[in-house]
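Report on the following structure.
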Amino acid sequence: MTVSATLRHARISAQKARLVVDQIRGKSVETALDTLTFSTKKAAVMIKKVLESAIANADHNFGLDVDALAIDKVFVNEAPSFKRFSARAKGRGNRIVKRNCHITIEVA
């Protein structure tokens, strides 16, 4: 049985989040939590919270054994971006795109 947790509109680009997600894909939950705890990336904090939420969902909603859980699927999709403008010379403006992502983790 697979149980999932999703963080929508996370304020980090999908490219940066995928670097961290690739490190924990297919590992046991305990190993993944250790990896995320000692990672220096900003995305590691967000992904750790989503993983802990998925573990809590599996335990509370379905009564699964937490020690036997492993990460089944992990993926990061792009979310709608914030569009901003920065002032430039001669009355012009440059567009700044602040990217967001959706983080989904499934444990089994």
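Quick caveat: nothing in here was measured; it's all calculated off a predicted structure.
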Summary of ring pair (Phe, Tyr, Trp, His ring centres under 6.0 Å) pairs that have at least one residue in residues 3-25, sequence neighbours excluded | H9-H102

According to a 4.5 Å side-chain heavy-atom criterion applied to Ile, Leu, Val, Met, Phe, Trp and Tyr, with indirect links allowed, do M46 and F75 form part of one hydrophobic cluster?
-> no

Residue list, side chain to side chain contact (heavy atoms under 4.5 Å, CB included) with A54, at least two apart or on another chain = A5, V107

Joint hydrophobic cluster, V76 plus L19, side-chain heavy atoms closer than 4.5 Å = no

With sequence neighbours excluded, tell me which residues meet side chain to side chain donor-acceptor pair (under 3.5 Å) with R8.
-> none

Roughly how far, to the nearest 0.5 Å, is the CD atom of E106 from the OG1 atom of T2?
-> 5.0 Å

Separation of S81 OG from N100 CG (nearest 0.5 Å) | 6.0 Å

V45 meets the side chain to side chain contact (heavy atoms under 4.5 Å, CB included) criterion, sequence neighbours left out, with none

Mind checking side chain to side chain contact (heavy atoms under 4.5 Å, CB included) for K98 and listing every partner two or more places apart, or none if nothing turns up?
-> R11, F82, R84, I96

Rounded distance (nearest 0.5 Å) linking atom NZ of K42 with atom CD1 of I12 = 5.0 Å

To the nearest 0.5 Å, tell me how far R18 CZ sits from I47 CD1.
-> 11.0 Å

To the nearest 0.5 Å, what is the distance between CZ (R95) and CZ (R88)?
-> 16.0 Å

Please list every donor-acceptor pair under 3.5 Å in which a side-chain atom of residues 31-40 meets a protein atom from a residue at least two apart or in another chain.
from : atom 1 : to  : atom 2 : distance (Å)
T31  : OG1    : S28 : OG     : 2.8
T35  : OG1    : T31 : O      : 2.9
T37  : OG1    : L33 : O      : 2.6
T37  : OG1    : K48 : NZ     : 3.2
S39  : OG     : K41 : N      : 3.4

How many angstroms lie between atom OG1 of T104 and atom NZ of K73, to the nearest 0.5 angstrom?
-> 10.5 Å

L51 versus I71: any side-chain heavy-atom pair under 4.5 Å?
-> yes

Heavy-atom pair with the smallest gap, counting every atom of A44 and V20 | CA-CG1, 3.9 Å

How about V3 and N61: do any of their side-chain heavy atoms sit closer than 4.5 Å?
-> no

